[in-house]
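Have a look at the structure below, then the notes.
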Amino acid sequence: MNGSSEKPTKQGVYYGWYIVAALFFASFLAIGSRQGFGVFVKTWEEDWGVSTAAISLAAAIGWLANGFSQPLVGYLTDRYGGRPVLIVSLAVMASATIGVAAVSNVFGLIVLYGFVISFASGGISPATTGVVIARWFDRKRGTAMSILIAGGSVGGLIVVPFLSYVLVEYGWRTAWVIVGALALGLGIPLLLLVVRSKPGDMGLHIDGEEPVESENGDVKVAVKPVGPKFVEQWKDALGSKPIWQLSFAYFVCGITTASISVHFVRWAISEDITTGTAALAFGVLSAINAGGVLVVGMLSDRWQRKNLLGAVYLVRGLAFISLIVVPGPQAIWAFAVIGGMSWLATVPLTASLTADVYGVRNLGTLFGLANMSHQLGGAGAVMLFGWAFTRWGSYDVPFAIGALTLLAAGIVSLSIREKLDSVRYSPVPADDVVPTGAAVGAGSGSQGGS
């Protein structure tokens, strides 16, 4: 390194943490409200005279629409930055959520929830929020990602029981109006005031590092290395194994989280457990998960992420088995505890691994593709679980299939060659610093993009 050996310094609280806080709240609203869908299944069946399978169709279409939106919003985030995508998406989602209160049949639910809300919510997913965080953080990326995703867990902890309470006391229409109004009145102003797509938008640098001045007066900034599989174009990543391994495991994640978010309360009712108790149990699951996500995120900045990811899938498999072998009144709490240790922990691990292997330049598109596989798996599971219950009156077979797919996801995740492919273990050499304004090669590419 030429010039001064002084290292970049940081001053005060890094603004990236304010970004994390704002996106935490956005995830709280978006993920929490989507996880609350299952609270209304039984009520809609009775009000509209339809089957569980019919309501499941609306949910399945929603997961499909959300899945197809992921690569698109990811690409738009890569191209134009996360801030405009987030604001527009939340505005559309909030307005349509209020509109659900006027729905009077399953067809209206399919249009508003299945298409509009679900597609728009893709813009409040990790395909956008995770990309923004990845561009603000490098060394503490796993921790920052886990705090972001904990917003979804806290959403499940608070929003799902809250929706259950409003459903009982005031009706389901009021519940949807309240959620939409919160997003419009609080979520959008917060995004407008706080969120910026990348540090450069505020004259800052990743991790809060400040440029240093060399002895000859040149201002220099740190150049970040890249991994062996860093790609300039997102299509180039499709020829390597990690993106397919991560996407397959995330496909299974979608199968298991979507099926529970839609069918958990319906399963509980079939076991003579009240809606309120089921919502409370899901809240407990979310509370445990909030802590679990934070712990996993911090550990992932020190340990191999793929080992933690594999362990998360295997633990979730045990949670699904508990729903089959343990009697219902005990199974609901066993699932809450065991499942809570693993529920959303896959998200920061998958997003961070994708960034570690391929860089953040195309992270929105690549993680969007992984998210699409997640939602496609979820759509199929939601529909099949509903069909199975309508036909057999039991969820045992679908739960068993879920456990087997989780075993496969755990094995595939453990097989990822992180030490060979990740920038954390096999960085491509780059100069420590370069003059500001000078051409930056592959070294800064991992941090590039809009």
Side-chain angles (χ1 to χ4, degrees), residues 34-64 67 105-107 109-110 113-114 160 164 167 172 251-282 285 313-314 316-339 342-343 374-409:
R34 282 180 63 80
Q35 288 180 338
F37 183 92
V39 170
F40 305 101
V41 173
K42 183 63 175 176
T43 299
W44 284 330
E45 287 178 23
E46 295 171 349
D47 284 3
W48 299 337
V50 296
S51 67
T52 301
I55 302 298
S56 298
L57 175 61
I61 291 173
W63 281 79
L64 278 174
N105 54 57
V106 73
F107 300 106
L109 187 66
I110 288 173
Y113 179 85
V160 174
S164 175
L167 169 67
W172 66 267
F251 177 83
V252 172
C253 181
I255 290 174
T256 51
T257 55
S259 58
I260 291 299
S261 68
V262 174
H263 293 284
F264 185 65
V265 174
R266 189 67 187 89
W267 164 81
I269 293 172
S270 73
E271 297 286 336
D272 295 324
I273 300 169
T274 66
T275 298
T277 300
L280 178 62
F282 197 88
L285 179 150
Y313 283 121
L314 295 176
R316 192 184 298 174
L318 294 177
F320 267 72
I321 291 173
S322 72
L323 291 174
I324 302 171
V325 302
V326 179
Q330 291 78 46
I332 193 171
W333 299 109
F335 183 85
V337 173
I338 302 172
S342 67
W343 206 240
H374 181 282
Q375 304 305 85
L376 293 178
V382 165
M383 195 63 225
L384 289 174
F385 274 48
W387 175 84
F389 182 76
T390 299
R391 182 177 179 85
W392 297 318
S394 169
Y395 286 105
D396 284 355
V397 172
F399 286 158
I401 294 173
L404 289 174
T405 61
L406 286 164
L407 173 62

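If you take CZ on Arg266 and OG1 on Thr275, they are separated by 9.0 Å, rounding to the nearest 0.5 Å. Atoms OG and CG, from Ser342 and Leu406 in turn, are 8.0 Å apart once rounded to the nearest 0.5 Å. Atom-to-atom distance recorded for Leu323:CG and Glu271:CD is 9.0 Å, nearest 0.5 angstrom. Ile269 contributes atom CD1, which lies 9.0 Å from atom OG1 of Thr52 (distance to the nearest 0.5 angstrom). Rounded to the nearest 0.5 Å, atoms CZ (Phe399) and CZ (Phe335) are 7.0 Å apart. In this structure, the separation between SG on Cys253 and CD on Gln375 is 9.0 Å, given to the nearest 0.5 Å.
Looking at heavy atoms from C-beta onward, Ile260 lies out of side-chain contact with Phe385 at the 4.5 angstrom threshold.
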*Let me see the working for Phe37 and Ile55 under side-chain contact (heavy atoms from CB on, under 4.5 Å), right down to the final yes or no.*
CA-CA 10 Å; Phe37 183 92; Ile55 302 298; 4.0 Å; yes
*Worked verdict on Leu314 versus Leu407 for side-chain contact (heavy atoms from CB on, under 4.5 Å)*: CA-CA 6 Å; Leu314 295 176; Leu407 173 62; 3.9 Å; yes
*Tell me, with the steps shown, if Val265 and Val41 meet side-chain contact (heavy atoms from CB on, under 4.5 Å).*
CA-CA 8 Å; Val265 174; Val41 173; over 6 Å; no
*Derivation and outcome, ring-ring contact (aromatic ring centres under 6.0 Å, His included), residues Phe389 and His263*: CA-CA 9 Å; Phe389 182 76; His263 293 284; 7.9 Å; no
*Going through the checks in order, is the side-chain contact (heavy atoms from CB on, under 4.5 Å) test met by Ile332 and Phe264?*
CA-CA 9 Å; Ile332 193 171; Phe264 185 65; 3.5 Å; yes
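Contact between Ala59 and Tyr113 at its shortest, heavy atoms only, is CA-CE2, 4.2 Å. Annotation for Ala379 and Leu64: closest pair CB-CG, 3.4 Å, computed over non-hydrogen atoms. Taking each heavy atom of Ala279 and Ser164 in turn, the nearest pair found is CB-CB, 3.6 Å. For the pair Ile255 and Gly377, the tightest heavy-atom approach, listed with the atom from each and the gap, is CG1-O, 3.5 Å. In terms of heavy atoms, Val106 sits closest to Trp48 at N-CE3, 3.6 Å. Heavy-atom minimum distance, Val50 versus Trp44: CG2-O, 4.0 Å.
Note on ring orientation: taking the six-membered ring where Trp is involved, the planes of Phe320 and Trp343 are parallel (angle under 30°, cut-offs 30° and 60°).
With hydrogens and angles ignored, the 3.5 Å screen pairs a side-chain donor or acceptor of Thr256 with a backbone N or O of Val252.
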